[in-house]
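Because only heavy atoms are used, hydrogens play no part in the values below, and waters and symmetry mates are left out as well, while side chains stay in. Note on naming: letters A, B, ... go to the chains in the order of the sequence lines (proteins, then strands), and numbering restarts at 1 for each one.
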Protein chains: 2
Amino acid sequence: MTDQKTTLDTRERILDVAERLFMENGYEGTSMRVITGAAEVNLAAVNYHFGSKEALLREVFRRRLAWLNHQRLEALDRLEEHAAGAPLKPSQILEAFFGTLLRMGEDPALGGMTFLRLLGRTLTEPAEFIRTFFAGEYAQVIDRYKLALFRALPDVPKAEIVWRLHFMLGAMSYAIAGTDVLQVVTGCEVGDLAGEGADADPSDTLLARRLAQRLMPFLLGGLRAPLPQFHELPVTTTDTRARAVPQDGLRP
Amino acid sequence: MTDQKTTLDTRERILDVAERLFMENGYEGTSMRVITGAAEVNLAAVNYHFGSKEALLREVFRRRLAWLNHQRLEALDRLEEHAAGAPLKPSQILEAFFGTLLRMGEDPALGGMTFLRLLGRTLTEPAEFIRTFFAGEYAQVIDRYKLALFRALPDVPKAEIVWRLHFMLGAMSYAIAGTDVLQVVTGCEVGDLAGEGADADPSDTLLARRLAQRLMPFLLGGLRAPLPQFHELPVTTTDTRARAVPQDGLRP
DNA sequence: GTACCATTAAAACGAACGTTTGAACGAACC
DNA sequence: GGTTCGTTCAAACGTTCGTTTTAATGGTAC
């Protein structure tokens, strides 16, 4: 027959199925039996190939994040090399960080929107081993990008930049994960929002691209917003009085 | 003795404990035995008072969300009455929606930051009954606020407003939930970010207030960002060619 | 053929899960 | 005092969980 089950087939079929099921039902909500059943492999296959359920989840992410974060570092390298020592523009940095991720959503071979949604949801999963795993995977990348933002916005307090990086990650994660979560809150199908005919499958490729185009301006607007005022805050130390942030092109 | 265990005591002790544990370990990650154990009540107490674990989670949210969403609607009522027919300012709307929520974080009697964190995390939980529950709880409020934003920003396409409402909810949820989630990604304690001495308990009250002051400008900046360009959007299908990381040219 | 190896298969493991049961308690009312 | 009713209790229910075990399979090298 056409589909011989070699080792690689089994491993990757498990990974693909687990990626989708973890996205749909969460880590704790997805049992090994459901995974192996959907992948049409034996129940013991997961423990044989990966060792444990935790290790399976880690591998699901590792095979995507390794590529993603490598691309992110490379993108930043190219930008900085091209800038020849000058600070980058915030828009460039955001494009390198978020754009690289969102472009994964356009390519099914890289996990497509399934992986993006899984990523967005899993970042808030409370399980300890998940958090420590992400910490390790992201440490390098976040650090490089943080420094780049510090240089790009020398007049903004570093703490403020980190907060806004926080906010931006959140906006992105929700926008991705919420494709079928928060639509329920806003009462709109994401297809409607995209102006699609809202067919059965709105072609993740297109979805990811539209999402990127709507998200990037929002993030930039937030990143460059005027600094908070801190009126009547009971004192502690820092005088973080508002200096205006370079807010070019802020249109009504 | 001082602590007599009346019915109300048991019910509320369960709710308080469940609120905290669901926040720390998630819904699926928190067992009835852990809940009842921490609340020092019998295992059967949850099923007796609430009927099921699902019903317990719903009640945990209902007792807070009922108050919150009522406040939100009242805040909007007050604003619109005061405006006497004129459209509200976006900043007023955001303040009424997000400010009301964030002010809950300052009051331990309303759940404090524990409830806020739980809310932020649970919005991404994939369980079906959770999503449908939130949909019902939020429908009214979201609808009123959406309309207010439509009126406040008549020149912005409605779809764009809904998207940005999406983004704002995400930024807020992450900022709240991430108090100990994404710090691990950004490598900073939230105490550090706030400029605190980072004592044992940074006094949720203060934390919530600082968070609000940093979040609101970000949200406003994002909401009023220039509209996306939609340049060269291919009409139909895939063409998944990854354009190389886009470069320098990107001029804001 | 035989020995070896990685992989798959079927069955069982103990533990933990949410829920239910039936009895015991204790204050309130007649 | 006896009855009632809301509540608490210990114990068990049947199920499902992740994992382990033991045997069978199929190809490759000798």
Phosphate OP1/OP2 of dT8(D) contacted by His49(B) side-chain N/O (<4.0 Å):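 It does, given that an N or O in the side chain of His49(B) lies less than 4.0 Å from OP1 or OP2 of dT8(D).
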At less than 4.0 Å, is any side-chain N or O atom of Thr10(A) found next to OP1 or OP2 of dT7(C)? Yes or no.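 It does not, given that no N or O in the side chain of Thr10(A) lies less than 4.0 Å from OP1 or OP2 of dT7(C).
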Roughly, in whole Å, what's the span from [atom1] in [X] to [atom2] in [N]?
| X | N | atom1 | atom2 | answer |
| --- | --- | --- | --- | --- |
| Phe50(B) | dT20(C) | CZ | C1' | 18 Å |
| Asn42(A) | dA9(C) | CG | C1' | 5 Å |
| Glu40(A) | dA9(C) | CD | P | 11 Å |
| Asp9(A) | dG26(D) | CG | P | 17 Å |
| Tyr48(B) | dG6(D) | OH | P | 7 Å |
| Leu21(B) | dG18(C) | CG | P | 12 Å |
| Asn25(B) | dC17(C) | CG | P | 11 Å |

Which class fits the ring pair Tyr174(A) and Tyr174(B): parallel under 30°, tilted 30 to 60°, perpendicular over 60°?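 Rings of Tyr174(A) and Tyr174(B): perpendicular, as their planes differ by over 60°.
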Nucleotides 14-18 of chain D: which of its N/O atoms have a protein N/O under 3.5 Å away?
from	atom 1	to	atom 2	distance (Å)
dC17(D)	OP1	Ser31(A)	OG	3.3
dG18(D)	OP1	Lys53(A)	NZ	2.6
dG18(D)	OP2	Met32(A)	N	2.8
dG18(D)	N7	Arg33(A)	NH1	2.8
dG18(D)	O6	Arg33(A)	NH2	2.6

Would you give the length of the straight line joining atom CG of Leu223(A) to atom CZ of Phe167(A), rounded to the nearest 0.5 angstrom?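 Nearest 0.5 Å value for the CG-CZ distance: 11.5 Å.
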Which residue, Arg63(B), Met23(B), Arg64(B), forms the side-chain contact (heavy atoms from CB on, under 4.5 Å) with Phe115(B)?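 The residue from Arg63(B), Met23(B), Arg64(B) that satisfies side-chain contact (heavy atoms from CB on, under 4.5 Å) with Phe115(B) turns out to be Arg64(B).
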Check: Tyr145(A) side chain, Arg72(A) main-chain N or O, donor-acceptor pair, under 3.5 Å: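 Yes: the side chain of Tyr145(A) pairs with the backbone of Arg72(A).
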Expected output: side-chain Asp107(B) to main-chain Gly112(B) donor-acceptor under 3.5 Å: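 No, Asp107(B) side chain to Gly112(B) backbone: no donor-acceptor pair under 3.5 Å.
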May I ask you to say what Ala44(A) touches in the nucleic acid, namely base, sugar-phosphate or nothing, with a heavy-atom cut-off under 4.0 Å?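 Base contact - Ala44(A) has a heavy atom under 4.0 Å of at least one base atom.
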Pairs where residues 20-30 of chain B contributes a residue and the test side chain to side chain donor-acceptor pair (under 3.5 Å) is met, not counting sequence neighbours: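 Qualifying pairs, neighbours excluded: none.
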